[in-house]
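Report on the structure given below.
All heavy atoms count here, side chains included; hydrogens, waters and symmetry mates do not. By convention here, the first residue in the shown sequence is residue 1. Not measured: the values here are computed from a predicted model.
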Amino acid sequence: MSVLDAPVTSAAPAAPTTGLTPVFVRLKLTLLRNGLRQSSGRKAVFITSLVFTLLLAAGQVLGLVLLRGNEHAGTVVVLLTGVVALGWAVLPLFFPSGDDTLDPTRLVMLPLRPEPLIRALLVSSMIGIGPLFTLCLVVGSAIALAHGAAGVVFAVLAVPLTMLLCVALSRAVATANVRLLNSRKGRDLAVLSGLVIAVGIQFVNFGAQRLGQAGGLSTLEPAGDVVRWLPGASAVASVDAASDGAYGVAVAQLLITVAALAALMWMWQRTLVRLMTSPDGSTLAAAGPAREESGRGGLSALLPEGRTATVMLRSLRYVARDPKTKAAWVTALAVGAIVPLLNAVQGTGSVYFACFAAGMLGMQMYNQFGQDTSAFWMVALTISSPRDAYVELRARALVLLLLTLPFTLLVCAVTAAVIGDWQALPGALGLSFALLGSMLATGAVASALFPYSIPQEGAFKNVVPGQGGLAWISILGGMVAAALLAAPVIVPTIWMHVTDHHDALWLLVPGGLVYGALVGWAGLRFAARRTANRLPEILAAVSKG
């Protein structure tokens, strides 16, 4: 039984809890101060983030104030507040390591009662860059909507209620999922948030373009009418209603936020008690007989014997099991399909936009050894000649081709079908093959010449401090070199379109395929010699994380 439910006896009087909130506030400030003292780099990042956030918040507040009096101000502000509240709900799932205080199990051994504990956690959660930015947005929203005495009164109530609701929502979600977030699946979820962000940006871009075509902010009115009755935005919407004289509506919308806040606090308390009084099943040994593996089965039976099969299986397991490798692949697949297809749906795209898929997936060839991190030393022990290095790199390239070629064919075909331009499909395929082969070549060379380490901690830390320059040179330099290498296919493609030789575009399919294969083979050969000669430097570079 946890100390949360332990009875209080006269022999061990309970510690006073009236001062628990100030203690937690000082604790949060102390954690923040001590974290900044760890290194000057961390302090510089924090100060830079704070300055950037303040500048961005100031710009947002200014924009909201300038929106005051606009006929669509209520709709814009309500939707903005709803998006902010949604962000508070989902960000704990994507950034579980961003704040150590999100894990209440650290307090399980302290003699604290649930009610004062959640009050202290709620208040201390108001300290940070995120709450400061949210407060600026909410205050700016209230200023944009408040007119008259009634509007000001409701604004004074709406601002703290909205802030409390956002923070309570974040805390309740984090507490309910704290064991998931501390598990391997939780780390996968945090890393795969890159996919959500990348896909979300594309849909926001698509929505903005559609909004501009549909006639402006008036098209947002139906969505605003719905969101203003949701708890995350209803308090701010009550300011708009009160300013218009709809006092009954304003009171109802304000009560929705109050009821939602009370429900969140109740759910948070129940989840907190259950979390801190029940055992963690994830620490129990898994029951059941161990699986026995014998012989070659599954995919390994289809692969050639020897080192090639071993390396390919290892690389495929990285894609399936390593969170950051998985995130990179899934993000590349999603963005590589979304960009050409969204442009095709809007009627502004081209079949050649499908080459974006080959480019996104070809980037996975860069920094091959950095993906192994410190485990690369085991691979390095098996490389004693350029031939060994060539087989290693070739197997890794085959894994990339195994996943990329069918995906590229699919994206090109679907894009051509949506646009209805089947005549340009051969040119897009040939160009994609040439681009993919060029990126295989430059990626292998960049992996040997500019390796860098990928840290295991942190969902969005993809380069260890001090190696950012290597990463930029590896990726950007390699992409420029790949574009130059693909020029022998790019130039004929442009020439055939300019001179209206569309009937000859089919020649680019075998031409691009053969050229891409030759360039990729030459790049792997060149990179193999460099890899065999630079093994100590590569090992030192990728082991820093």
Side-chain angles (χ1 to χ4, degrees), residues 52-91 130-167 169 200-201 203-261:
F52 177 78
T53 301
L54 290 175
L55 292 175
L56 182 60
Q60 293 287 342
V61 172
L62 179 61
L64 290 169
V65 172
L66 293 176
L67 197 63
R68 182 181 175 89
N70 188 283
E71 60 177 333
H72 302 298
T75 299
V76 173
V77 167
V78 165
L79 291 176
L80 176 63
T81 309
V83 170
V84 171
L86 178 63
W88 276 91
V90 301
L91 284 181
L132 176 62
F133 180 75
T134 304
L135 178 62
C136 293
L137 286 182
V138 176
V139 170
S141 300
I143 294 175
L145 298 181
H147 298 280
V152 173
V153 171
F154 274 85
V156 171
L157 297 174
V159 170
L161 279 175
T162 302
M163 285 296 302
L164 289 172
L165 180 72
C166 289
V167 176
L169 180 61
I201 290 175
F203 279 105
V204 168
N205 178 45
F206 176 70
Q209 294 181 10
R210 300 294 292 180
L211 181 63
Q213 297 171 1
L217 296 175
S218 59
T219 57
L220 297 176
E221 293 289 348
D225 293 338
V226 175
V227 174
R228 66 178 60 246
W229 290 100
L230 299 180
S234 60
V236 173
S238 70
V239 180
D240 190 28
S243 299
D244 292 338
Y247 302 120
V249 173
V251 171
Q253 291 173 335
L254 198 65
L255 289 178
I256 288 175
T257 300
V258 174
L261 178 60

Could you pull out the closest heavy-atom pair between L169 and A89, with the gap in Å?
CD2-CB, 3.5 Å

Once you round to the nearest 0.5 Å, how far does CG of L55 lie from CD of Q60?
12.0 Å

Checking side chain to side chain contact (heavy atoms under 4.5 Å, CB included) between V236 and each of V84, T257, T162, which is the one that passes?
T162

How long is the gap from CG on L261 to CD1 on I256, to the nearest 0.5 Å?
13.5 Å

Interatomic spacing from OG1 in T75 to CG in D225 - rounded to 0.5 Å
6.5 Å

Closest contact, heavy atoms only, A158 versus A235
CB-O, 3.3 Å

Between S243 (side chain) and L145 (backbone), is there a donor-acceptor pair under 3.5 Å?
yes

Can you tell me how far the CG atom of L54 sits from the SG atom of C136, to the nearest 0.5 Å?
7.0 Å

Using only atom types and a distance under 3.5 Å, with no angle test, would you say the side chain of R228 pairs donor to acceptor with the backbone of A241?
no

Could you walk me through whether D240 and V77 pass the side-chain contact (heavy atoms from CB on, under 4.5 Å) test, one step at a time?
CA-CA 9 Å; D240 190 28; V77 167; over 6 Å; no

If every non-hydrogen atom of A146 is compared with every non-hydrogen atom of A155, which pair is closest and at what distance?
CB-CB, 4.2 Å

Would you say the side chain of L64 lies within less than 4.5 Å of the side chain of L80, judging by non-hydrogen atoms?
yes

Would you say that V76 contacts L67 through its side chain, given a criterion of any heavy-atom pair below 4.5 Å between the two side chains?
yes

I'd like to check V249 versus W229 (side-chain heavy atoms, cut-off strictly below 4.5 Å). Are they in contact?
yes

Are V83 and L79 packed together at the side-chain level, in the sense that at least one heavy-atom pair is separated by less than 4.5 angstrom?
no

V251 versus S238: any side-chain heavy-atom pair under 4.5 Å?
no

One should read off an interatomic distance between L165 CG and W88 CH2, to the nearest 0.5 angstrom, of 11.0 Å

Side-chain touch L254/L157, heavy atoms, less than 4.5 angstrom:
yes

Between the main-chain N or O of A233 and the side-chain N or O of T81, is there a donor-acceptor pair closer than 3.5 Å?
no

